[in-house]
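By convention here, the first residue in the shown sequence is residue 1.
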Amino acid sequence: SVENTAVFLFLVTDMDWPCCQLWRELELLQTEVRSLYELSCLSSHRNSEGKVCPACRLMAQASWFEESYASSQSLRIMESWSMPSPAPGVGMKSVGLQAQRPKLQQRVALATILTCEDVRSGLGFNPQELASDEEYLEKRAVLLAYIDAVRTLAFSAKRVVESEGDTQLPFIVLVSLKVGVSLPDEARGVLEGLERSGLISLKYLPPAPGHLKARSWGKALLWDLSGFDLVLYLDADTLFVGGVGDLLRAAGDGSKGVRFAASLTRSMTSLNAGVMLLRPEARVRDAMLNSFEEREHWTGLSRWSGQLWNATEAADSAAVAAASSASAVGGMAVPARRPKRSVLEDQDHLNEFAATHFMYQGELDLRHGHGGFDKPQGRQEDWLIAYTQTVLLGGAWRPQLGAYFTLPMAFNFCATTTCMQQFIEMRGPGRRAVIEQLHTAAEFRRLLSEEGGEVGAGQRFAGRRAGARILHWPGDLRKPWQHCAEASRSPLDNEWWEAFADACAVAPPDAPCSLTC
């Protein structure tokens, strides 16, 4: 204790001095705070008992306490905004709050990808790359946490689809690994246990070619799932909080239907690849693989992120500055120019591929698709102008793969605190896009109130009250499962943890949950 330190005993002769009492009270307060919020850790991703505890030692947990408060405040502000009445047919069923809709007529699958890149450093479990048992245990913890994230996502999808009255959609986990990389037996056993329970379906892909990332390879082979009419791809850091039946119906059918769709990023100038709706076709798969081959020869700057196409490790900053001359488009904001490539490389490629191989038709209109429409309808809204102008920067091309659309932001709602703060700071078209998302939230809140629920109280249905259907936590240190300390969780984080707890409650004996906090 502080009063037993040598310096304290030398300087202080009377423990009843006010300053001494102050220090003793601060010490007691610090002890109490540490007992409530400090995690006892053995390593970065394991607690003192050796169990999986992501980001256990991360000092940023302290700042996450403040972010939790900021996220809660942002949600309250969004709920307070004036919202117009929802347009006919835009609503959705959630927790029994809406009448049942016609069942889906198309063969639809949900899918995610598990790769060796989901383990730190992208090394996977290649024995030749593991330096020690400690490194193995750390990577094991990271991978098992990721598998629990996949479990939680699949469970949330199953629960939402059942609430809409539709037949359960297959949830496919594509396992994409590099040559010489394999999953540890424990991880494989959990995945196979989840498959036997019927929660997921495993599909092991051929090893990725040496020049392609395992994730890029996996995303290209999404178009190989020819047994389905539509595939809704989701990153593992997403969560269903609302239904997607109206989205799938609005996508149309057959040759006239949506070929590809994804939501815009917060900048409203590019697509985010975290949630994608696609129609499997061999010709699209082949075109994407050819595009990966051609990318090595692309020069100049990406119109999506402003990064050099052909600079993976480093590039001449002067070249970046010289290539930035054609930067402004209709007064819209242009991404910062960086001399190095980053994790945006794959997303840049997807944006370029979509813009040059498909024909953009606007935002998918969810008001269509409920009365037998076989052709999707696109909306032209002012928040799409910046993206449309970015697409037009590419000049003339001959898209031959069909129509593509952007998705309403509700289907890829960024749930991090940074995003929430940016949403409430948006003005003009961006603000109107957020308001549009809140259309269904207004109806949901009204119906919830009629059923006796106190809207705005606690953290129940936080995502739905904000109008979200699918929550997304992009960013390496923004995952909800990394917020092990309860006080560091935002209301949207808590939605993930509640779904995780419910999924673990029904976990099969041969596939128990690993994440412990």
Inset, instruction - Determine, step by step, whether Arg465 and Met78 satisfy the side-chain contact (heavy atoms from CB on, under 4.5 Å) criterion, reporting the C-alpha distance in whole Å, the side-chain angles of both residues, the deciding distance to 0.1 Å, and the verdict. - result: CA-CA 9 Å; Arg465 296 202 314 266; Met78 289 180 65; over 6 Å; no
Legend entry - Distance-only polar pair, side chains of Gln347 and Trp304, donor-acceptor under 3.5 Å: no
Legend entry - Thr115-Ser176 side chain donor-acceptor pair, cut-off 3.5 Å: no
Legend entry - Side chain to side chain, Ile200 and Leu191, heavy atoms closer than 4.5 Å: yes
Legend entry - Donor + acceptor pair across side chains of Trp383, Glu363 (<3.5 Å): yes
Legend entry - Distance (rounded to the nearest 0.5 Å) between Met276 CE and Asp235 CG: 7.5 Å
Inset, instruction - Work out which heavy atom in Ser267 is nearest to a heavy atom in Thr265; give both atom names and the distance. - result: OG-OG1, 2.9 Å
Legend entry - Positive for side-chain contact (heavy atoms from CB on, under 4.5 Å) with Phe411, one of Leu364, Leu232, Leu366, Thr406: Leu366
Inset, instruction - Start with the C-alpha gap between Val275 and Arg469, add the side-chain angles, then the distance that decides, and say whether side-chain contact (heavy atoms from CB on, under 4.5 Å) holds. - result: CA-CA 11 Å; Val275 178; Arg469 312 289 191 90; over 6 Å; no
Inset, instruction - Using atom types as modelled and distance alone, determine if a side-chain donor or acceptor of Glu495 lies under 3.5 Å from a backbone N or O of Gly463. - result: yes
Inset, instruction - Please examine the side chains of Leu350 and Phe260, heavy atoms only from C-beta on, and report whether any two atoms are closer than 4.5 Å. - result: yes
Legend entry - Residue pairs involving residues 261-275 (criterion salt bridge (charged side-chain N to carboxylate O under 4.0 Å, His left out); sequence neighbours excluded): none
Legend entry - Heavy-atom check, side chain of Glu134 versus side chain of Ser43, under 4.5 Å: yes
Legend entry - Main-chain N/O of Asp476 paired to Gln482 side chain as donor or acceptor, under 3.5 Å: yes
Inset, instruction - Count the heavy atoms of every other residue, nucleotide or ligand shown that sit under 6.0 Å from CD of Glu486, and state whether that count exceeds 12. - result: no
Inset, instruction - Flag the pair Lys219 and Asp346 as a salt bridge only when some basic side-chain nitrogen lies within less than 4.0 angstrom of an acidic carboxylate oxygen. - result: no
Legend entry - Atom pair CG (Leu239) and CG (Leu492), whose distance is rounded to the nearest 0.5 Å: 9.5 Å
Legend entry - Exam field: side chain Ser68 to backbone Trp64, donor-acceptor pair closer than 3.5 Å: no
Inset, instruction - Say whether Ser302 and Asp348, considering side chains only, have a donor N or O and an acceptor N or O under 3.5 Å apart. - result: yes
Legend entry - Cysteine SG atoms at Cys53 and Cys484 closer than 2.5 Å: no
Inset, instruction - Might you confirm whether atom NZ of Lys479 has over 12 heavy atoms from other residues, nucleotides or ligands at distances under 6.0 Å? - result: yes
Legend entry - Leu515 to Asp148 - nearest heavy-atom pair and separation: N-OD2, 2.8 Å
Inset, instruction - Could you tell me whether the side chain of His483 and the main chain of Ser488 form a donor-acceptor pair under 3.5 Å? - result: yes
Inset, instruction - Scan side-chain atoms only and decide if Thr416 and Thr418 contain a donor-acceptor pair under the 3.5 Å cut-off. - result: no
Inset, instruction - For the residue pair Ile77 and Phe423, establish whether any side-chain heavy-atom pair is separated by less than 4.5 Å. - result: no
Legend entry - Student check: side-chain heavy atoms of Val244 and Val160 closer than 4.5 Å: no
Legend entry - Pair listing, salt bridge (charged side-chain N to carboxylate O under 4.0 Å, His left out) test, anchored in residues 421-432, at least two apart: Asp382-Arg432
Inset, instruction - Indicate yes or no for a side-chain donor-acceptor contact from Glu67 to the backbone of Thr417 under 3.5 Å, with no hydrogens or angles considered. - result: no
Legend entry - Atom pair CD1 (Ile385) and OG1 (Thr269), whose distance is rounded to the nearest 0.5 Å: 13.5 Å
Legend entry - side-chain contact (heavy atoms from CB on, under 4.5 Å), paired with Phe240, selected from Val161, Leu471, Leu234, Thr152: Leu234
Legend entry - Beyond-backbone contact of Leu264 with Leu271, side-chain heavy atoms, under 4.5 angstrom: yes
Legend entry - Point-to-point distance, once rounded to the nearest 0.5 Å, from OG1 of Thr238 to CH2 of Trp473: 8.0 Å
Inset, instruction - Kindly determine whether Cys56 and Cys41 satisfy disulfide bond (SG atoms under 2.5 Å apart), including the steps that lead there. - result: CA-CA 6 Å; Cys56 190; Cys41 306; 1.9 Å; yes
Inset, instruction - Determine, for Glu498 against Arg489, whether the closest basic-nitrogen to carboxylate-oxygen distance falls under 4.0 angstrom. - result: no
Legend entry - Reported CD1-to-CG distance for the pair Ile172 and Leu202, which is rounded to 0.5 angstrom: 10.5 Å
Inset, instruction - Locate the shortest heavy-atom distance separating Ala236 from Val150; write the atom from each residue and the value. - result: CB-CG2, 4.0 Å
Inset, instruction - For the pair Asp493 (side chain) and Ser490 (backbone), establish whether a donor and an acceptor sit closer than 3.5 Å, ignoring hydrogens and angles. - result: yes
Inset, instruction - Looking only at non-hydrogen atoms, find the nearest pair between Asp510 and Pro512 and report the distance. - result: C-CD, 3.5 Å
Inset, instruction - May I ask you to test the Lys213-Glu345 pair for a side-chain heavy-atom distance under 4.5 Å? - result: yes
Legend entry - Non-hydrogen side-chain atoms of Leu169 and Leu248 separated by less than 4.5 Å: yes
Inset, instruction - Check the pair Leu308 / Leu301 against side-chain contact (heavy atoms from CB on, under 4.5 Å), numbers first and verdict last. - result: CA-CA 4 Å; Leu308 286 168; Leu301 293 175; 3.6 Å; yes
Inset, instruction - Apply side-chain contact (heavy atoms from CB on, under 4.5 Å) to Asn351 and Tyr387, showing your working. - result: CA-CA 11 Å; Asn351 272 276; Tyr387 176 71; 4.3 Å; yes
Inset, instruction - Evaluate the ring planes of Phe500 and Trp497, with Trp represented by its six-membered ring, and classify them as parallel (under 30°), tilted (30 to 60°) or perpendicular (over 60°). - result: perpendicular
Legend entry - Reported CG-to-CE distance for the pair Asn272 and Met409, which is rounded to 0.5 angstrom: 11.0 Å
Legend entry - Ala507 versus Arg151, closest heavy-atom pair with distance: CB-NH1, 3.6 Å
Legend entry - Any donor-acceptor pair under 3.5 Å from His472 side chain to Cys414 backbone: no
Legend entry - Donor-acceptor contact present, side-chain Ser156 to main-chain Leu153, <3.5 Å: yes
Inset, instruction - Measure across Ser182 and Leu177 and return the closest heavy-atom pair with its distance rounded to 0.1 Å. - result: CA-CD1, 4.0 Å
